[in-house]
Undergrad: 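Here's a structure for you.
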Number of protein chains: 2
Amino acid sequence: MDQQDFLTETTLESVIFSDIINNFSDNSFTKNVKEYDATLEKYGFTYNNLSYVVTLLLTDWYQLTMSYAYYMCQDKETGMRRAEMPAVFEMFFRTCPFGGQYTIFAGLDKVVDVFKHIRFTHSDVDIIKNIFHSKGCDIDEGFGEYLLNLDFTKVTVSSVRHGEVIFPTTPVMIIEGPLILGQLLETLLLVLVSYPTLVATCARRLVNAAQGKKVYEFGLRRAQGPGGADDATKYSQVGGCSGTSHVKCGYVNNINIIGTIAHSFVSGFKRLSDVKDQAITNKITNQHTDSFLTSVLVVRQKLGKQFPEYLETKEGELAAFIQYAITFPRGFAALLDTYNTISSGIKNYIIVAIALHELGFIAIGVRLDSGDLSYLSIECRNELIRIDQFLGTDFLKSTVIFVSNELSEEVILSLQSQGHSIDVFAVGTHLVTCKQTPALGMVYKLCELNGEPVMKFSEDEGKSTLPYRKNVYRLYDSLGIIVLDLMLYKDDGNIDDLIKNGKIYCRHPVISQKKSYHQVISYKKLHHYIWKDGIATSEDTSVYTAKIYCEQAILTVRPDILRFVNPTPAKISVTRKFHAIIEELTDQNKDHEFYDKQM
Amino acid sequence: MDQQDFLTETTLESVIFSDIINNFSDNSFTKNVKEYDATLEKYGFTYNNLSYVVTLLLTDWYQLTMSYAYYMCQDKETGMRRAEMPAVFEMFFRTCPFGGQYTIFAGLDKVVDVFKHIRFTHSDVDIIKNIFHSKGCDIDEGFGEYLLNLDFTKVTVSSVRHGEVIFPTTPVMIIEGPLILGQLLETLLLVLVSYPTLVATCARRLVNAAQGKKVYEFGLRRAQGPGGADDATKYSQVGGCSGTSHVKCGYVNNINIIGTIAHSFVSGFKRLSDVKDQAITNKITNQHTDSFLTSVLVVRQKLGKQFPEYLETKEGELAAFIQYAITFPRGFAALLDTYNTISSGIKNYIIVAIALHELGFIAIGVRLDSGDLSYLSIECRNELIRIDQFLGTDFLKSTVIFVSNELSEEVILSLQSQGHSIDVFAVGTHLVTCKQTPALGMVYKLCELNGEPVMKFSEDEGKSTLPYRKNVYRLYDSLGIIVLDLMLYKDDGNIDDLIKNGKIYCRHPVISQKKSYHQVISYKKLHHYIWKDGIATSEDTSVYTAKIYCEQAILTVRPDILRFVNPTPAKISVTRKFHAIIEELTDQNKDHEFYDKQM
């Protein structure tokens, strides 16, 4: 991706505020805007690029009932509340989406942004009290004040990098601090990163499938509401998309914004007389034709002598193309399938593109939105080449062929195997809703409380969790390719002490048979602090940086993990000691377990 | 659904503003808040319940390139621009989601809200200019001013009712006015109603499947971002859900807010000594036990004498339940599957519920979140009944059994056929992401321009459109059941003139063989104005009203259209004259059509 693809204008936010300010000559208003702004902040709102208001009420009700129970659970002697007990929660997922074996982490910028402003406001507390009251539960007088005074600087949050390749089981984020704070963050953190991660992964898979061709996100109208669209547009760039049709989100995030014309534009023109003709100034000579329409008709006649089918193209469509070319001589692009791509669309495009070329302009491209995209893209390219050859030119053949219409990873891979002449895949529904797997089952589990391990044992085996806060290391081979992710727990000490003769002993977290020695060439710590002692990370969490990070990270993943059909699962391991602890805790639970009659 | 289920508190918005205002003694600040608010409005922002900022830039870029082309297409003599040509756009969909044959329309409140504020702001225009400029396109000086002065009171919007049952092909909304305005509204309107309609439909299908049992929306953490969650929570109520876990959206929209405890709450308690014991005052006698923990242990011992397995339940789990009951004696509910539902969870619940009952409190319910929900719900109910019988009581057996864990329409129907003892289905992922069909293919098509019909003929047959603005009537039989939707076009005149001897002649829009006479008992006009002459409809478009509307509307649909397996498509018809016009326009297009080599 080209840095140039990104706009370098000021952001929407600054434009709007300067605009508001400029429109009030009175300086006091400027002051008041800032004051209001500060008030919003004071009241705990975060406007993420003016798109969505995040509050601590963006949560499930049970987080508040549990928090109240943790508050009420108070030691009479020490005055210490369970709410303040030191706890560790970890966020992770159990299965990669889209039938794959890798996932791209995204959404970190929002999380960092939220921590900068997080607190309960007076109105939040009033609402909470109202809800309890409506349920006939009169809560303790002090609870409101307690919530207002909750200090989120007491929480420490570690995360993998924005744009990192991540695998199941390994923590994505680790949240340490008073139990009540960890609990109150659960839903908020899950809803902030789950969908961004899902859509970044979907985008990466599409980009991988496109094998060097560009992928654009064109799905705004199909998204799960305006907020879903914002996330989809933004984080599909992290996965490697090269542009979007979405104006607001594209502008705010400095993403390349793309668009041509719709079928309604074409079908609205009925006849050549619908064109409001105009002169176009020659780009090179600065002379101008008196009538661009006449120039086009001359080209059509000339082509028609050799290829009579050029005289039979749809006139309304030609009129629409001419009008668009008059408006955008430097940016002419056409939609070909309003009537018939081969017999009319591509020919009308060629006619107009030649007329523009005579004035020094190069037409940009064409979009195909229906039919057999393999066949049609090849036929269009052949026609472009045929006319280039006839004219002795070479500008037509390099026309960019965009395709759209229900594209998915599977469709793109099928087009790749059939053969095509497509330059850009514009993906809508399948990207913005992640249609194949529309939710990532990200979870957030308590793993340590008051220094003791916490495990969940579920009747669904796959839903069990691993105890203790983990220190995770990613091990690489001599070529810089990921060997495995290794989880240490607190008693494992330093990873360097576990390496004997350049090798480390690794075990599967729960399957006892799976164990092996691995050579350690290099490793990195997977998590870094993004919020510690009330200070947010200063690292650049922008979409652009995450995109570059992801492009590098994906190169460290084995191709068999990335492949579409039956990909290999990445190896996730624990230390010898950690494995023993997990087994011991599991056995302790089994001792107490009764089996259902059904089992 | 019970009106009582809705909270009647003030909305979040008013609470927040009064809160901000109350915190500033200086009256000038109050004035400034209002001023700032007015400024936001002046600059075109709509805060829908403080959740999402809607602007005209929530659009695809091609809407702006086309708009500029329509602006530039100006008649030299009259000065009239194509942008101002009278146009009609219709919004509709081609296929019902979830393999069904009906859809519930939702999202109308947002549309009405947007029209009240819609306009281009100075910053919008600056952004648009910047984007054109970044593409090397220097747009006409006057275009910015033209956008700023666009008058959206010149648009008329008709819509079906909020909560209406709708079918494919029939317009959902009809947008009439200057071409440029209709074009600029396309993406915005699609993104505002598509997902609400999808999720309302999903909810309705779940409610139908639940056959009188309640359905709650519990999916916040799985939604496609916070905005996706807001829409999902709100519009699943339109479809008939009875509550949500989502605090903010539930409160803002007066939806019943529900929640109990999570696995982390249970697994965090290790032993009975973790309980911070407390007295509970007897609800009836006002006396209080000195130790609720002791009361519980006495109950356990008593049960254990008869049923020794009651002495072997998980103590940590019992501790968690006791702590929760101490906190919420009036609202005790438990999660049963942290260890083992049958051998521990239900028994611990029963122990605590009995102890509460002795103090005059009735425990509310239990939640099952894993395992075979049919088997487990029946076993739990049997155990509740068994202990009721043993004690000679009858309060345990009416415990509300909630289930969660990847519920979907299919799972609920399967549980219905297997048998179960479930009272409430709490649906997450499958509802909030509409997992089975995560996007509704709502489209927005130009059907009339300058009085002339516009049709799109696509290489994909299903993508063709019907010409002209339509007047749609819904015909009912003598039992008030929908017979069909009939579309008239402008030359059809009044529907009453088409009824001969109480019958009307109806044709399929495109399939010539399908035609029939239908008796007309009663009919209604399907659309009403929601925005006309700059005035928004005064009808109540709230979620609550839409929910009641939907409940009534669904009763007018034939059961074979509603059923899960192979539902019958609803009948969509046109008049004799309209059919002829469609056929004629199609033939005109075919005359000009060439067939691809491939065909």
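Order of the sequence lines fixes the chain letters, A, B, ..., with proteins taken first and strands second; residue numbering starts at 1 for each chain. Just so you know, these numbers come straight off a predicted model, no measurement behind them.
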Undergrad: Under a 4.5 Å cutoff for heavy-atom pairs, which residue among Lys76(A), His263(A), His430(A), Arg330(A) has the most contacts with chain B?
TA: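 Ranked by heavy-atom pairs under 4.5 Å with chain B, first place is His263(A).
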Undergrad: Could you tell me the separation between the CD1 atom of Ile261(A) and the CD atom of Gln183(B), rounded to the nearest 0.5 Å?
TA: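 Separation between the atoms: 10.5 Å.
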Undergrad: To the nearest 0.5 Å, what is the distance between CH2 (Trp61(B)) and CZ (Phe218(A))?
TA: 12.5 Å
Undergrad: Using non-hydrogen atoms and a 4.5 Å limit, figure out which bit of Leu449(B) sits close to chain A: side chain, backbone, both or neither.
TA: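 Contact with chain A involves the side chain of Leu449(B) alone.
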Undergrad: For a 4.5 angstrom cut-off between non-hydrogen side-chain atoms, does Pro438(A) reach Gln224(B)?
TA: yes
Undergrad: What part of Phe328(A) lies closer than 4.5 angstrom to a heavy atom of chain B: side chain, backbone, both or neither?
TA: side chain
Undergrad: Pick from Val443(B), Thr65(B), Val266(B): which one has the most heavy-atom pairs with chain A under 4.5 Å?
TA: Thr65(B)
Undergrad: Heavy atoms, side chains only, cut-off 4.5 Å: are Arg81(B) and Lys276(A) in contact?
TA: no
Undergrad: Top residue by heavy-atom pair count (under 4.5 Å) with chain A, among Gly441(B), Ala87(B), Ala439(B), Ala223(B)?
TA: Gly441(B)
Undergrad: So Gln323(A) and Arg82(B), do their side chains get closer than 4.5 Å, heavy atoms only?
TA: no
Undergrad: Quick check for you: among Asp231(A), Ile258(A), Thr260(A), Leu190(A), which has the greatest number of heavy-atom pairs under 4.5 Å with chain B?
TA: Thr260(A)
Undergrad: Measure distances from Asp75(A) to the heavy atoms of chain B and classify the residue's part below 4.5 Å as side chain, backbone, both or neither.
TA: both
Undergrad: Give the minimum heavy-atom separation between Tyr195(A) and Gly225(B), together with the two atoms involved.
TA: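 Reported closest heavy-atom pair: CB-N, 3.5 Å.
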Undergrad: Output the distance between atom CE (Met455(A)) and atom OH (Tyr339(B)), rounded to the nearest 0.5 Å.
TA: 11.0 Å
Undergrad: What distance separates Tyr71(B) OH from Thr327(A) OG1, expressed to the nearest 0.5 Å?
TA: 11.5 Å
Undergrad: Is Glu406(A) in contact with chain B via its backbone, its side chain, both, or neither, using a 4.5 Å heavy-atom distance?
TA: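 Neither part.
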Undergrad: Who wins among Ser194(A), Gly219(A), Gly268(A) for the most heavy-atom pairs under 4.5 Å with chain B?
TA: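 Among the listed options, the one with the most contacts to chain B is Gly268(A).
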Undergrad: With chain B, which of Lys445(A), Met442(A), Gln63(A) has the greatest number of heavy-atom pairs at distances under 4.5 Å?
TA: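 The answer is Met442(A).
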Undergrad: Using heavy-atom distances under 4.5 Å, tell me whether Asp274(A) contacts chain B through its side chain, its backbone, both, or neither.
TA: both
Undergrad: Can you tell me which portion of Thr429(A) sits under 4.5 Å from chain B's heavy atoms? Options are side chain, backbone, both or neither.
TA: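 For Thr429(A), the contact with chain B is made by the side chain alone.
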Undergrad: Measure distances from Leu440(A) to the heavy atoms of chain B and classify the residue's part below 4.5 Å as side chain, backbone, both or neither.
TA: backbone
Undergrad: Side chain from CB out, backbone as N, CA, C, O: work out which of these in Leu220(A) comes under 4.5 Å of a heavy atom of chain B, or both, or neither.
TA: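 For Leu220(A), heavy atoms of backbone and side chain both lie under 4.5 Å from chain B.
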Undergrad: Once you round to the nearest 0.5 Å, how far does CZ of Phe265(A) lie from CG of Leu446(B)?
TA: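 Those atoms lie 11.5 Å apart.
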Undergrad: What residue among Thr59(B), Leu58(B), Asp124(B), Ile127(B) forms side chain to side chain contact (heavy atoms under 4.5 Å, CB included) with Lys248(A)?
TA: Leu58(B)
Undergrad: So, for Tyr62(B) and Ala262(A), which heavy atoms are closest and what is the spacing to 0.1 Å?
TA: CE1-CB, 3.5 Å
Undergrad: Name the region of Val432(A), side chain, backbone, both or neither, that has any atom closer than 4.5 Å to a heavy atom of chain B.
TA: backbone
Undergrad: Heavy-atom pairs under 4.5 Å with chain B - which of Cys249(A), Ser267(A), Gly331(A) has more of them than the others?
TA: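 The residue among Cys249(A), Ser267(A), Gly331(A) with the greatest pair count is Ser267(A).
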Undergrad: Identify which part of Met85(A) has an atom lying under 4.5 Å from any heavy atom of chain B, answering side chain, backbone, both or neither.
TA: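 For Met85(A), there is no contact with chain B at all, as no heavy atom is under 4.5 Å.
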Undergrad: Between OG1 of Thr187(B) and CZ of Arg222(A), what distance do you get to the nearest 0.5 Å?
TA: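 With rounding to 0.5 Å, OG1 (Thr187(B)) is 10.0 Å from CZ (Arg222(A)).
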Undergrad: Verify side-chain contact (heavy atoms from CB on, under 4.5 Å) between Ile326(A) and Met72(B), making sure each step is shown before the conclusion.
TA: CA-CA 9 Å; Ile326(A) 288 171; Met72(B) 290 296 282; over 6 Å; no
